[in-house]
Chemist: 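Input: one structure, supplied below.
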Amino acid sequence: MDLAFVQSGLLERFLDSDVISAAEVAALLKRRGVLDGTPVFLEEVTQMPVPPLCEYGRYLSTALLDETTLKDYGRAVGRLDDHLAGLGSDVLSAVESDLVSYRDQRCRWQEKPIGGSAWGKESFVQDDLYRFLVDQGFLSYRPARVAARGRNALAPRVRASMDIRHLTLEQYRYFRDVGLGGQLPDAQVDQGFRGWCPLRGRAGSDLALGTGGRWREWSTVLLPEMGLWPGMPGGAAEYTVQACAKYGKARTVYVPEDAVASAELFCLLERPDIVRRAARGLERKAHDLFVVGEVDVAGGRVRGVLDGVVREFRMSAMPAKLRRITVYEGEFGLEGLSLFVCRGGLMPGADAWKSYRHRAWKRMSELADQTTPLLPARRWRWHDLRHTYALRLLTYLENVMDGEEPDMQARRRRHRSYLTGHIRHNPLLIVSRRLGHASPETTYQYLQYTDDLINEFEAAFSSWVGDDEATYAEIASQALSGANGASR
């Protein structure tokens, strides 16, 4: 079976038919609500649609999932069907042992087995597929048993917690200044640095750390949202993120003045050269771009021409795909409205930011010595800056709330009264709102990294004195510090 995805933007370029025009197909897709990224499953020989699976793809499209999620779900179904075909079966005739075989293949036997988190997503898609097939009458019952409370029996039994990894100040500066910025560990300029646009990498890391946003939220920000637009006062900025936020949950993002200054430095020194080189190429493909002619900063809206039609959008409601093709007439011609631009003049994608990070890690590893901060076994992710933001802010707010209170038990009593009496100012809920978590339960997982564990061990083992040389508290403290060092 072959897998394809709906991509309406490619119709004009590749559809060559006397039966129906590209414009008619695009209008039909729009009228039927078929989104870009909708998976289409085709018979390998005849290239005809596979009805049950294509109907499931259509069902996913009506759920208003974003393009990336639609493609991920389609690939998950495609992998399942390929495995079942190897067993002489298919999606409709599979039995429970076939699905167990697929789980074992993905989690144990393939060259690079996937972890519990990745399998949890695949098992969800698998369960959702068979629920759909039963509801639509293609099957009379699901092939896999249903566990207690309707749980998917093939899903991971243990709920994975967040992989929280944070950086110290020294580690962050090493990552930003040496890995991304091209400096040497002694803060001197590296004349042999062959990287391109070091200020862009520095601005990206400062924005990620300063806002605590997810990668898609800070990497797609537009110039007017950052306050880097004619007539705006400058300084710290605030903007609303919604379409690029997880689950589309709107929230206000605060950008501190230092992060804005870092972005402004990139705009002054590096960005003009990028947009000047790319202007001619953007002019040639202007018909494929959203060319903005009016920016309403106060109203948070942009107005321009997209696909030959005048359109107006709220900036917060613009998805990443639209932001990437949004341009305006600048000093050198057309240039991207996004803060970050790459060689083509448009916004860098996920692979580009991944390559920036990987090159930075390679550089940091090569320059690491006795004087540089300790590097972890696994390379840092952009998301680790979000964890760093959360932990630093949570620790700071808790210290502000504690004040100068030296007694640990008194601090705990204050925390309990704070939760019941002052929910609005509770540090945990403040951080939860800033991060855009769907539930404070997610934010709770950061608490284990903010506790004063050394003092807790001391209090717990204060009467367990074996001799004058070593108490249980000292042993526990030493073990704890060793574990922290290993985790770093």
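Numbers here simply count residues along the sequence, with the first being 1.
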Chemist: State whether R131 and D127 are salt-bridged, where the test is any N-O pair (Lys NZ or Arg NE/NH1/NH2 against Asp/Glu carboxylate O) under 4.0 Å.
Modeler: yes
Chemist: Could you state the interatomic distance from CD (E122) to CZ (R79), rounded to the nearest 0.5 Å?
Modeler: 4.0 Å
Chemist: Would you mind reporting whether P348 and Y356 have side-chain heavy atoms less than 4.5 Å apart?
Modeler: yes
Chemist: Please evaluate residues W353 and F340 with respect to the criterion ring pair (Phe, Tyr, Trp, His ring centres under 6.0 Å), reporting the C-alpha separation (whole Å), side-chain torsions for both, the decisive distance (0.1 Å), and the verdict.
Modeler: CA-CA 10 Å; W353 282 104; F340 298 109; 5.1 Å; yes
Chemist: Is it true that D36 and K321 have a side-chain N and a carboxylate O under 4.0 angstrom from each other?
Modeler: yes
Chemist: Answer yes or no: is there an ion pair linking D351 with K354, defined by an N-O contact shorter than 4.0 Å?
Modeler: no
Chemist: Whether the side chain of K71 engages the backbone of T38 through a donor-acceptor N/O pair (distance < 3.5 Å, no angle test) should be reported.
Modeler: no
Chemist: Which pairs, with at least one residue in residues 228-247 and sequence neighbours excluded, count as a side chain to side chain donor-acceptor pair (under 3.5 Å)?
Modeler: none
Chemist: I'd like to know whether E264 forms a salt bridge (Lys or Arg N to Asp or Glu O under 4.0 Å) with R271, so could you lay out the CA-CA distance, the side-chain angles of the two residues, the decisive distance to 0.1 Å, and finally the verdict.
Modeler: CA-CA 10 Å; E264 190 172 15; R271 197 177 187 278; over 6 Å; no
Chemist: Just by modelled atom types, is the A279 backbone N or O under 3.5 Å from a matching donor or acceptor in the E283 side chain?
Modeler: no
Chemist: Do side-chain atoms of E335 reach the backbone of F332 as a donor and acceptor pair under 3.5 angstrom?
Modeler: no
Chemist: Before giving the answer on salt bridge (Lys or Arg N to Asp or Glu O under 4.0 Å), spell out for R214 and E217 the whole-Å C-alpha distance, their side-chain angles and the decisive distance to 0.1 Å.
Modeler: CA-CA 5 Å; R214 301 176 180 90; E217 296 169 353; 2.9 Å; yes
Chemist: Would you indicate whether the side-chain heavy atoms of L228 and V260 approach each other to under 4.5 Å?
Modeler: yes
Chemist: Within the structure provided, determine whether S219 and M347 are in side-chain contact (heavy-atom separation under 4.5 Å).
Modeler: no
Chemist: Using ring pair (Phe, Tyr, Trp, His ring centres under 6.0 Å), reason through W382 and F175 one step at a time and then give a plain yes or no.
Modeler: CA-CA 11 Å; W382 291 114; F175 172 55; 5.7 Å; yes
Chemist: Taking NZ, NE, NH1 and NH2 as the nitrogens, is one of them in D177 or R202 under 4.0 Å from a carboxylate oxygen of the other?
Modeler: yes
Chemist: Whether D288 and K285 form a salt bridge (side-chain N of Lys/Arg under 4.0 Å from carboxylate O of Asp/Glu) is what I want to check.
Modeler: no
Chemist: Examine distances only and state if a side-chain atom of D66 and a backbone atom of T68 form a donor-acceptor pair shorter than 3.5 Å.
Modeler: yes
Chemist: Taking T220 for the side chain and R216 for the main chain, is one N or O donor matched with an acceptor at less than 3.5 Å?
Modeler: yes
Chemist: Give a yes or no answer on whether the side chain of Y130 reaches the backbone of V91 with a donor-acceptor pair at less than 3.5 Å.
Modeler: yes
Chemist: What I'd like to find out is whether the side chain of C267 reaches to under 4.5 Å of the side chain of L339, using heavy atoms alone.
Modeler: yes
Chemist: Do C244 and P319 have side-chain heavy atoms sitting under 4.5 Å apart?
Modeler: no
Chemist: Does R343 count as lying over the ring of W196, i.e. NZ or CZ under 6.0 Å from the six-ring centre, within 45 degrees of the axis?
Modeler: yes
Chemist: What's the separation between atom OG in S8 and atom CG in L29, rounded to the nearest 0.5 Å?
Modeler: 6.5 Å
Chemist: With distance as the sole test, does Q110 use its side chain to make a donor-acceptor pair with the main-chain N or O of K112 at under 3.5 Å?
Modeler: yes
Chemist: Looking at E225 and R323, is there a salt bridge between them, counting it only when a charged N and a carboxylate O are closer than 4.0 Å?
Modeler: yes
Chemist: Before accepting this row, confirm whether a basic side-chain N of the pair D163/R381 lies closer than 4.0 Å to the acidic partner's carboxylate O.
Modeler: yes
Chemist: Hey, are the side chains of R165 and W380 touching, using non-hydrogen atoms and a 4.5 Å cut-off?
Modeler: yes
Chemist: Would you check if the side chain of T388 reaches a backbone N or O of L167 as a donor-acceptor pair within less than 3.5 Å?
Modeler: yes
